[in-house]
Amino acid sequence: MKKGDHLFLVDGSAYIFRAYHALPPLTRKSDGLPVGAVSGFCNMLWKLVEESRDTSVGVVPTHFAVIFDYSSTTFRNTLYSEYKANREAPPEDLKPQFGLIREAVRAFDLPCIEKEGFEADDLIATYTRLAVEAGGDVTIVSSDKDLMQLVGPNVILYDQMKDKRLGAQEVKEKFGVYPEKMIDLQALCGDTSDNVPGVPGIGPKTAAQLLEEYGTLEELLERAPEIKQTKRRENLIAFADQARLSKRLVTLDADTPLGDGEQLDDLFIHEPDGEKLVAYLKAMEFTTLTRRVAAALDTDASDVESADLKIEGVPRGPDLDPFEVPDAPGDTVFTATPARLAARLKDGATGQAIDRSRYVTIRDAQTLRSWMDRARDKGSMAFDTETSQLSAMNGDLVGVSFAISPGEAAYVPIAHVAADADLLSGPKDATSLGGQIPLGEALDILKPVLEDASVLKIGQNIKYDLLVMLQHGIAMTPIDDTMLISYALDASSGLEGHGMDELSERWLGHKPISYKELCGSGRTARPIAAVEIDKVTEYAAEDADVTLRLWQVLKPRLAAERLAHVYERLERPLAPVLARMEQRGIMVDRQILSRLSGRFSQKQAGIEADIAQMAGEEFNPGSPKQLGEILFGKLGLPGGKKTKSGQWSTDARVLEDLAAEGHDLPRRIVDWRQLTKLKGTYTDALPSHMDENGRIHTSFSMASTTTGRLSSSEPNLQNIPVRTEEGRAIRTAFVAPKGKKLVSADYSQIELRILAHIADIPQLKDAFRNGIDIHAMTASEMFGVPVEGMDPMVRRRAKAINFGIIYGISAFGLANQLSIPREEAGLYIKRYFERFPGIRDYMDQTKAYAKKHGYVETLFGRRAHYPDITSKNPQVRAFNERAAINAPIQGTAADVIRRAMVRMESALETAGLSAQMLLQVHDELIFEVDDSEIDETIAVVRRVMEAAPGPSVSLSVPLEVDAKAATNWDEAH
DNA sequence: CGCTCCTAACC
DNA sequence: AGGTTAGGAGCGA
């Protein structure tokens, strides 16, 4: 530090209390965490940083630090045990905020300094002295009178809230003495808030007057007998030592030891790291400040993932239910019930009736531009794309719609054709349609807005629109998705889905035009591009309008129900990741499938002949009805189970059991069925999904399971065979292009590991920590047999039980699985609970929790609702109980891999790797990797996957990932 | 043509 | 026995 430099010292602790008291006390983050003081602190600090970055006004700091009190006991307590003894403990809701505020300072990239045994004021005094000695200037950001003693020619105090700067003159005006006499003044007056005694009967006015007359405290105490006023004289004599003690208490220690990285020169200022700061502010859900900071630091907030802050000692989770009405008034912040909240929001969103006649058709570029300007002004819009086919990958863009405010919506036709156009004649004269903006021009106008960080694009199933726009080179950001918001809020095992029409009826009481109504179905179906533009305007603009209103209804619930974290970390950021995976697709070798199909056909024909011969007649083995009649009627075999509708069941289990009794026909049926399945569902169906580059693009659904798992469809690539050798042959058709390999990385036993953690089972945890065969350990524990040389059948039974536990075991189910009597299965379960009592506790607690709340939670806070768990029907109830037991385990595993996926792309990119994530199969990720980068990629993938729970959750068992590279999926797996 | 039932593929 | 999607059969309109 040199002459002309300027040090800013922020009195952090004083800041905290001011922020706390200045703000409404009940500000909370969506998960219930109180953050009012953090918010106030960040706003004040940002204002300061922003002002100090502005070179056009005032002083610009060259050095900057935020100073905190370390603890309440300091050297002053050894001088005087009563020092600050009257201080009350900080309020409960302030406590968790101290740590967060220190995090805030670090996020601002500012030195955060505190020292055990010293007060912030001492550190401030020390830095002030050092800076002045070095020839610099100092601004102390505080209004604490204890700091007035530091003011001097080069040192001022700055009260940010009142925007007042105090120099020596201002101190004199305020207290009647110049700063150098402040210590003596305080020693005389004492300080009730710090419990500094001072001299009784002497307040600031008298003290100033006395010091004016006698010069210093020491002088005054010595000449006290001269004082005329009896009481004052007596007190000054009697309490002289107390005054001297007070002086030592109020005198700041300007010689505080400073550690490494805390030296004056270490406080040299630098530009804040925009991403780091935005990540923190996002995590704290300070939306306004996030926006401001992002803009000022030229950071794209939507690109930044909110920081994953670990917050200790904060009540959250099961015990804190924000919707419980408090016992005593003021007990709990939240008194709204979801129903009340939703009702209020619904009124707001439907206040403006849905009126399709008001929707606008935009046919020229100028009008489109003015609408986009409106969107920019507004900062958000609902956005929807219409495509020629229902699949985003294959469909061409036909038009887009958007809504700026409820009722204010428009449709932009882009590639409509005349209604009588057909495949042969192609598009008719576009002018007859009333004019359309050509695709390229429309995209040029849309792109800047769709990619504008300050305009939020709200969609319903926005992954679809992301993919459509991605096909046109537009990467939409930032985004929100009403489907995903609804899913985070209300994932349930019931029938309620998260489709727009459903949501609209549920929340807005409005039934939108359905796709079928618009385009027809079956024989009457026609492409949307051939539907009259006026009709499509009503349909498409309505979709955008409804989406916007749904967003208004649903988005606030995220925060109110503490689900913002789930949405923001597990849902929203995954959408673009999945869109890119879908766009890439996976390469499939058509020849391999075709050869397999031929082979399966031949075998199938042979088996069909066998079957007909054994049955003594031709029948359709694919008809369970006909098959049942043959087996249990004509041939008189013993029937086992019945299906729901009362038919004899002919599923594989039944047929296997019959085969085991020596019947040949059932065996052949099983073989036939397997081949038929493989051929029909895979070898024959998959080629029809291939694109011109030989790649298959599945569609992942983010909101169709209750537990948080993804699903895959058109085609489903999450059920490609693996169990049998013939099935695995299908996997060999999934390949990497020349020069690349497929890498498959899968979590080993992730659900059992999560069970071990959640239910806290010592034996299971130890086994996982020590890499012991978990099923063998279970068998050994249950049946008392050594792991060495264990009968594979015994291990198989234990394995079935372990899986059964995850599924919310029942004697019926286990008996079915193992083909053993129900009584025997019951005994196994009993034994299991005896050996692992924690499991039964977990099950009981989970059931009770689900019954009380109507939902269960994963470790990451995702909820799965089971309203029917209180059903009077014992079967329904039991089913819901088992599902509720399973959901936290399955769901936590789903959350873990989602976290890995959200982080994966940037981790690979940071490592300079070109690997591309293609598929997710629940506990497995599949990548396409350049031959030269395989080892490095596997290392990064494994690291990201294994570390995925942290830092939000720290599992007490390690996660393990197996990864392998090969030319095809079968060998990589 | 559209729905339900049954079965089977996966984790 | 928890979570899925797909395909064929069968049936009614």
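Quick note on labels: first sequence line is chain A, next is B, and so on, each numbered from 1.
Put simply, Ser521(A) has a side-chain N or O that comes within less than 4.0 Å of OP1 or OP2 on dG2(B). One finds a side-chain N or O of Gln626(A) lying less than 4.0 angstrom from the OP1 or OP2 phosphate oxygen of dG10(C). OP1 and OP2 of dG3(C) both lie 4.0 Å or more from every side-chain N or O belonging to Thr707(A). Contact annotation: Asn716(A) side-chain N/O to dT4(C) OP1/OP2 distance is not under 4.0 Å. Taking 4.0 angstrom as the limit, Thr681(A) places none of its side-chain polar atoms (N or O) nearer than this to OP1 or OP2 of dG7(C). For the pair Ser623(A) and dG10(C), the criterion of a side-chain N or O lying under 4.0 Å from OP1 or OP2 is met. In terms of phosphate contacts, Arg709(A) brings no side-chain nitrogen or oxygen within less than 4.0 Å of OP1 or OP2 of dG3(C). Residue Ser701(A) has no polar side-chain atom (N or O) positioned under 4.0 Å from OP1 or OP2 of dT5(C). For Thr643(A) and dC5(B), the shortest distance from a side-chain N or O to OP1 or OP2 is not below 4.0 Å.
In this pair, Tyr807(A) lays its aromatic ring flat on the base of dG2(C), centres within 5.5 Å and planes under 30 degrees apart.
With rounding to whole Å, Lys677(A) atom NZ is found 13 Å from dT5(C) atom P. Separating the CD atom of Gln674(A) from the C1' atom of dC10(B) is a distance of 14 Å, rounded to the nearest angstrom. Atom CZ of Arg882(A) is separated from atom P of dA1(C) by 6 Å (rounded to the nearest Å). Computed from coordinates, the Asn802(A) CG to dA1(C) C1' distance equals 13 Å when rounded to whole Å. The interatomic distance linking Glu726(A) (CD) with dC10(B) (P) rounds to 12 Å, in whole Å. Between Gln920(A) atom CD and dC11(B) atom C1' the separation is 10 Å, expressed in whole Å. One atom, OH of Tyr832(A), and another, P of dA1(C), lie 18 Å apart when rounded to the nearest Å.
Under the 3.5 Å distance criterion, the side-chain polar atoms of Thr858(A) are matched with a main-chain donor or acceptor of Phe860(A).
Partner of Lys641(A) under the side-chain hydrogen bond (donor to acceptor under 3.5 Å, both in side chains) criterion, out of Thr650(A), Asp651(A), Asp657(A): Asp651(A) alone.
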Point to revise | Glu714(A)/Ser391(A) under side-chain hydrogen bond (donor to acceptor under 3.5 Å, both in side chains): CA gap, chis, key distance, verdict | key: CA-CA 9 Å; Glu714(A) 293 177 282; Ser391(A) 113; over 6 Å; no
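A donor-acceptor contact under 3.5 angstrom links the side chains of Asn886(A) and Gln890(A), judged on distance only.
Between Tyr849(A) and Tyr855(A), the ring-plane angle classifies as perpendicular under the 30° and 60° cut-offs.
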